[in-house]
Amino acid sequence: MRVLVVTAVPAERDAVTAAAPERREFPLPGGAVLHRVVRDGGAVVCDVLAAGVGPAAAAAGAATALTAAALAGAPYGLVVSAGIAGGFAPAAPVGALVVSDAVVAADLGAQSGDGGFLSVTELGFGSHVHRAPEELVRAVAGATGAVRGAVLTVSTATGTAERAGELADRHPGAVAEGMEGFGVAEAAAAHGVPVLELRAVSNEVGPRDKGAWRIGEALRALTEGFVALFADFPAVPALGSSSGSSPATLAESLPVQGG
């Protein structure tokens, strides 16, 4: 099974690749570079791509990597949007890991006449939510200790208590906000590949206070999360389990692709 991990910036990519002893670089069309994480002995764990900040860059980068893999006859079986995030207190404090049971486009839509908000789903222009298979979310949360819940994608990071309250009211199950997840999820959905987010909380969603940010702590937590994930995620060529029993590994929690 092949796994694609998409981050925004190189610091996040490097936090993911630091979880394994070796990495190799491979060029993608357009000049991007995949960092392939390799175990002792040479088994490939995943490919990691720093695609850029925001949902558009993330979608473009993820789509490029997914298409290149498909054309090479080696499609990915899982896509993970990873990095740091703002956490909604008290569910996701600074330093915590979060895993998405839903990736939500929180500010993609329109204002209503009464000052409210209409999602693209309500507008009839597709869906504003991507959900991962429940058994996969459980497996990732169990392996990493991550808090599970909705992870919101925003194009403008929250900087006031008022907006934090608005988002929490509209999405009561939200645990974090980031800027790339929905873009990655749209690309993955176009290829029929499961997707989720795994992020480490660097700051509380609310008033912008750079002095309270703990980016280094969050990046270390991200590395630790992927150490745990890689340990439970064997590099296998096929997805899924036909036994009908509860999945023993993350690989067994994924649906079978291609029949």
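In this chain, residues are counted from 1 in sequence order. As a basis for the values below, the full set of heavy atoms in this structure was taken, side chains included, without hydrogen atoms, waters or symmetry mates.
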Does Thr160 offer a backbone N or O that forms a donor-acceptor pair with the side chain of Arg208 under 3.5 Å?
no
Are side-chain heavy atoms of Ser81 and Leu196 found at a separation under 4.5 Å?
no
Compare every heavy atom of Phe182 with every heavy atom of Val129, then report the nearest pair and how far apart it is.
N-CE1, 4.0 Å
For the CG atom of Leu136 and the CG atom of Leu78, what is their distance to the nearest 0.5 Å?
5.5 Å
With no hydrogens and no angle check, just 3.5 Å: does a side-chain donor-acceptor pair link Thr7 and Arg13?
no
Between the CG atom in Asp47 and the CG atom in Leu34, the distance rounded to the nearest 0.5 Å is 5.0 Å
So OG1 of Thr17 and CZ of Phe226: to nearest 0.5 Å the spacing works out to 10.5 Å
So does Ala157 get a backbone contact from the side chain of Glu177, meaning a donor-acceptor N/O pair under 3.5 Å?
no
Less than 4.5 Å apart, any side-chain heavy atom of Leu71 and any of Thr67?
yes
All pairs passing salt bridge (charged side-chain N to carboxylate O under 4.0 Å, His left out) where residues 80-105 contributes a residue, at least two apart:
Asp101-Arg148
Within the distance-only criterion (no hydrogens, no angle test), does the side chain of Ser100 pair as donor or acceptor with the backbone N or O of Val103 below 3.5 angstrom?
no
Which atom names give the shortest non-hydrogen contact between Tyr76 and Ala65, and what distance separates them?
CE1-O, 3.6 Å
Donor-acceptor pair, side chain of Asn203 and main chain of Gly87, under 3.5 angstrom:
no
Do other residues, nucleotides or ligands put more than 12 heavy atoms under 6.0 Å from Arg131 CZ?
no
Kindly give the heavy-atom pair with the smallest separation between Gly83 and Leu222, and that separation in Å.
O-CD1, 3.7 Å
Could you tell me whether Arg170 and Asp107 have a side-chain N and a carboxylate O separated by less than 4.0 Å?
no
Report yes if some heavy atom in the side chain of Arg199 is under 4.5 Å from a heavy atom in the side chain of Leu97; otherwise report no.
no
Got a salt bridge between Glu25 and Arg23, using NZ or NE/NH1/NH2 to carboxylate O under 4.0 Å?
no
Heavy-atom pair of closest approach, residues Ala62 and Val6:
CB-CG2, 4.1 Å
Could you pull out the closest heavy-atom pair between Ala50 and Pro10, with the gap in Å?
CB-N, 3.9 Å
For the residue pair Thr121 / His128, report whether a side-chain donor-acceptor contact shorter than 3.5 Å exists.
yes
Measure across Ala164 and Thr158 and return the closest heavy-atom pair with its distance rounded to 0.1 Å.
N-CG2, 3.7 Å
Does the side chain of Thr153 come under 3.5 Å of the side chain of Glu180 through a donor N or O and an acceptor N or O?
no
Just by distance, no angles: are the side chains of Glu186 and His130 close enough, under 3.5 Å, to form a donor-acceptor pair?
yes
Any carboxylate oxygen within less than 4.0 angstrom of a Lys/Arg side-chain nitrogen, looking at Arg138 and Glu134?
yes
Please tell me whether Arg214 and Ser202 have a donor and an acceptor in their side chains that are separated by less than 3.5 angstrom.
no
